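Because the structure is predicted, anything quoted here is derived from the model rather than measured. The first residue of the sequence shown is numbered 1, and numbering continues consecutively from there.
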Amino acid sequence: LSPSNIATMQKMLEGLRVCHVSQGGYERAHANHEVLLVDVLGDLPELYGCAHLAWVGGAMHYRVHNVLEPACWGLYLCFGPQFQTSQEAKALVEQELARVIHNGPEFFQWYKNLSWTTHPPHQALWQAVVEQKGASDRIMQEIAATWQK
């Protein structure tokens, strides 16, 4: 994340208790934080395992990052409006399993209205991920078929 993108995200998360974590900064995070803003590559799979919500990056300014990892964990999912390059993200939005967020107040309203007494729809998210399995094989078969013509 660039410093300007981090500043934008921090502004969008105003009103929430945010801990911004860079390399080696996890010791600053504690239970009073509502949000862990992470700009460290490679740590997300482990962090998703202890989260309830993931705001998947990239889609506020360019394109959404991988949405399948947090979906596998059954997290509440959101991301910005630049998600059309991801077939998985499009499918999750169409199935109402992910929320498109355009600004901070919209995120805050959605976040505050989530049900924290029941967990997100694990089964529906898991099924959405299962339906995406084998995409590489299908693409390779389609390309091979066109080469054989």
Side-chain angles (χ1 to χ4, degrees), residues 1-13 16 18-26 29 34-149:
L1 290 172
S2 71
S4 66
N5 286 343
I6 292 168
T8 298
M9 286 304 299
Q10 287 174 321
K11 182 152 183 63
M12 291 179 74
L13 294 168
L16 299 171
V18 177
C19 179
H20 174 211
V21 175
S22 291
Q23 270 317 31
Y26 291 108
E34 294 175 283
V35 174
L36 193 58
L37 177 59
V38 179
D39 68 1
V40 180
L41 294 176
D43 289 355
L44 292 178
E46 291 82 10
L47 292 171
Y48 289 145
C50 58
H52 296 286
L53 180 149
W55 185 334
V56 181
M60 293 305 291
H61 64 284
Y62 182 54
R63 67 177 180 212
V64 71
H65 298 293
N66 185 339
V67 297
L68 291 179
E69 283 181 323
C72 284
W73 285 100
L75 305 181
Y76 285 112
L77 292 176
C78 68
F79 37 80
Q82 305 299 319
F83 67 92
Q84 289 78 13
T85 57
S86 168
Q87 296 304 312
E88 297 87 2
K90 286 170 41 177
L92 291 173
V93 170
E94 287 170 10
Q95 296 172 50
E96 298 182 359
L97 296 172
R99 177 73 179 252
V100 178
I101 300 294
H102 298 88
N103 54 50
E106 186 177 331
F107 170 78
F108 191 75
Q109 184 65 38
W110 175 69
Y111 170 79
K112 289 300 181 185
N113 287 324
L114 291 174
S115 172
W116 297 107
T117 56
T118 60
H119 204 61
H122 286 300
Q123 192 61 35
L125 282 163
W126 184 257
Q127 186 60 39
V129 172
V130 168
E131 289 171 6
Q132 296 297 324
K133 268 181 55 177
S136 296
D137 292 336
R138 290 191 304 273
I139 292 167
M140 290 175 64
Q141 288 171 358
E142 190 172 312
I143 291 171
T146 60
W147 285 347
Q148 292 172 358
K149 291 181 181 178

Fill in: Rounded distance [0.5 Å steps], CG in L53 versus CG in L77
7.5 Å

Worksheet item: Can you tell me how far CG of L68 sits from CD of Q87, rounded to the nearest 0.5 angstrom?
Response: 11.5 Å

Worksheet item: Which pair of heavy atoms, one from P70 and one from A54, lies closest together, and at what distance?
Response: CB-CB, 3.8 Å

Worksheet item: Going by heavy atoms in the side chains, are H20 and M9 under 4.5 Å from each other?
Response: no

Worksheet item: At their closest point, which heavy atom of P45 faces which heavy atom of W73, and how far apart are they?
Response: O-NE1, 3.7 Å

Worksheet item: Atom CD of Q95 and atom NZ of K90: how far apart are they, to the nearest 0.5 Å?
Response: 13.0 Å

Discussion item. Rounded at 0.5 Å granularity, tell me how far CH2 in W126 sits from CD in E131.
Written reply: 13.0 Å

Discussion item. Taking atom CD as the centre, does E142 end up with more than 12 heavy-atom neighbours from other residues, nucleotides or ligands that are less than 6.0 angstrom away?
Written reply: no

Item to complete: Find out whether Q82 and Y62 are in side-chain contact, i.e. whether some heavy atom of one side chain is under 4.5 Å from a heavy atom of the other.
Response: no

Practice prompt. Show the numbers, then the answer: is there a side chain to side chain contact (heavy atoms under 4.5 Å, CB included) between L16 and K112?
Written response: CA-CA 10 Å; L16 299 171; K112 289 300 181 185; 4.2 Å; yes

Discussion item. A side-chain contact here means heavy atoms from C-beta on lying under 4.5 Å apart; do L37 and Q10 qualify?
Written reply: yes

Worksheet item: Taking the side chain as C-beta and beyond, is there a heavy-atom pair between Y76 and W110 under 4.5 Å?
Response: yes

Discussion item. Show the nearest heavy-atom pair for residues V129 and A71, with the distance to one decimal.
Written reply: CG2-CB, 3.7 Å

Worksheet item: Does M60 reach the side chain of F79, with side-chain heavy atoms less than 4.5 Å apart?
Response: no

Contacts under 3.5 angstrom, residues 97-109 side chains, donor-acceptor by atom type, not counting sequence neighbours:
unit_1 : atom_1 : unit_2 : atom_2 : d
H102   : ND1    : E106   : OE1    : 3.2
H102   : ND1    : E106   : OE2    : 3.3
N103   : OD1    : E106   : N      : 2.8
E106   : OE1    : H102   : N      : 3.4

Worksheet item: Got a donor-acceptor contact below 3.5 angstrom from the S86 side chain to the F83 backbone?
Response: no

Discussion item. I need the minimum non-hydrogen distance between A51 and L75, along with the two atoms involved.
Written reply: O-CD2, 3.0 Å

Response to the item:
Note: L13 and V35 closest approach over all heavy atoms is CD1-CG1, 3.8 Å

Worksheet entry | Within-4.5 Å side-chain heavy-atom neighbours: L92 and L125 | yes

Worksheet item: Taking it one step at a time, do V56 and N66 satisfy side chain to side chain contact (heavy atoms under 4.5 Å, CB included)?
Response: CA-CA 7 Å; V56 181; N66 185 339; over 6 Å; no

Item to complete: Could you grab the distance from atom SG of C19 to atom CD of E34, nearest 0.5 Å is fine?
Response: 12.5 Å

Item to complete: Write down the atom of V67, the atom of A89, and the distance for their closest heavy-atom approach.
Response: CG2-N, 3.7 Å

